[in-house]
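This report refers to the structure that appears directly beneath it.
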Amino acid sequence: MLRAYRADLHIHSILSPCTEITEMSPRAIIERSVQIGLHMIAVCDHNSCENYPALQAASRTTDLAVLAGMEITSQEEIHILGLFDTQESAFAVQEVVYKNLPGENDEKTFGCQVVVNEHEEVISFNKKLLIGATTLPLEAVVELIHSRGGVAIASHIDREAYSIISQLGFVPPGLTLDALEASPSMGLDEARRRFPALASFPLITSSDAHSLDGIGKSSTAFLMAAANTREMKLALAGREGRKVLGVR
Amino acid sequence: MKLKDVVERLGLKVVAAGETLDKEVAGGFASDLLSDVMANSREGDIWVTLQVHPNIIAVATLKDLAGIVIVQGKKPEEQTVEKAKQEGVPLMVSELQTFELVGRLYNLGISGMR
């Protein structure tokens, strides 16, 4: 049966060096998401999904659906969200990302990259330069996400940095993105006005939250039969009765 | 100054559309944000960038730029070279980094001001 899922598909945890260390633990993210009535989330840390196991574990006693996510930085410094159904798929993609991600994190400059378990115990500090860019061209990133059945979404297309529009001027013809994401500050109507050439792409919004009170600040409602990537692709394409209901 | 003179004097490696080097270089522009190049470059500019994505060719065509120089010896993507050939956009590579290359272009009399 089809039902509405209110989803925030772009949240950062303490694994992202830019995120408040004390606040964005997997458990806290799950609790906050449930509290504000979200049905589905994805935590997309920069070039990594190592906190997904903790998120999944922390969500087990709730009805919240948690996709495995990652915000991959292409060679052109474009941020692309990859959403997956399973840890196995996400970790396989992460392995390719890691192989193509040079550099080491400087905690003093960029902040700590904390991997935790569902009890908020620190497991490790990730040493890779997660804030950096991979050496993978944009097309290769989208292909990599799709190779594991993932949903590929271009992040915050209206931002002046790290967006497909800022870096490349326009969406390259033939690029098989599943959707584009507009920032909370912009909203879909304004995004459609400002980027009329992008009318052929489904648009979503999400919060890009780096703090607990940012979660759900902007979200997208999907009409789907279940909270998984297959259903989401149908909804984004507007097929088989699935669709994007709206945003807020 | 003609593009072919720039190529010769700065030792640029031409990777596509070498038959179109007869173009006049009217000025210069350096940026790695294609949105910026679309907004602010001018016809006849030689464009210095480290981006290698195929979109650089479309931007150069759109703005009628004299040519593109990729810096730091970076290898353009295959599709980029293909498109450059199709569109007749001179595509060159320099081993130098942007600051140094732009300085040398400036020394040849190529300016960002018109």
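Lettering of chains follows the sequences in order, A, B, ..., and the numbering in each one begins at 1.
Sparse packing is recorded around NZ of Lys217(A), with 12 or fewer heavy atoms of other residues, nucleotides or ligands lying under 6.0 Å away. Heavy-atom neighbours of Glu88(A) CD from other residues, nucleotides or ligands within 6.0 Å: at or below the threshold of 12. Shown here is Glu78(B), whose CD atom has no more than 12 heavy atoms of other residues, nucleotides or ligands within 6.0 Å. Applying the 6.0 Å contact sphere to OH of Tyr98(A) captures more than 12 heavy atoms from other residues, nucleotides or ligands. Shown here is Lys243(A), whose NZ atom has no more than 12 heavy atoms of other residues, nucleotides or ligands within 6.0 Å. Shown here is Arg9(B), whose CZ atom has no more than 12 heavy atoms of other residues, nucleotides or ligands within 6.0 Å. No more than 12 heavy atoms of other residues, nucleotides or ligands sit less than 6.0 Å from atom CD of Glu8(B).
The heavy-atom pair separating Pro137(A) from Glu77(B) by the smallest distance is CB-OE2, 3.4 Å. Across all non-hydrogen atoms, the minimal contact from Leu34(B) to Leu168(A) is CB-C, 3.4 Å. Residues Ser35(B) and Ser166(A) share a closest heavy-atom pair of OG-O, 2.8 Å.
Remark: the Glu139(A) side chain and the His53(B) side chain contain an N/O donor-acceptor pair separated by less than 3.5 Å.
Between the CD atom in Glu76(A) and the CG atom in Leu33(B) there is a gap of 12.0 Å [rounded to 0.5 Å]. Rounding to the nearest 0.5 Å gives a distance of 8.5 Å between CD of Gln167(A) and CG of Asp32(B).
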Worked check of side-chain contact (heavy atoms from CB on, under 4.5 Å) between Glu77(A) and Gln51(B): CA-CA 10 Å; Glu77(A) 303 203 349; Gln51(B) 292 281 12; 5.9 Å; no
Step by step, work out the side-chain contact (heavy atoms from CB on, under 4.5 Å) result for Val59(B) and Phe170(A). CA-CA 9 Å; Val59(B) 171; Phe170(A) 55 93; 4.0 Å; yes
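Looking at Val37(B), neither its backbone nor its side chain comes within 4.5 Å of chain A, counting heavy atoms on both sides.
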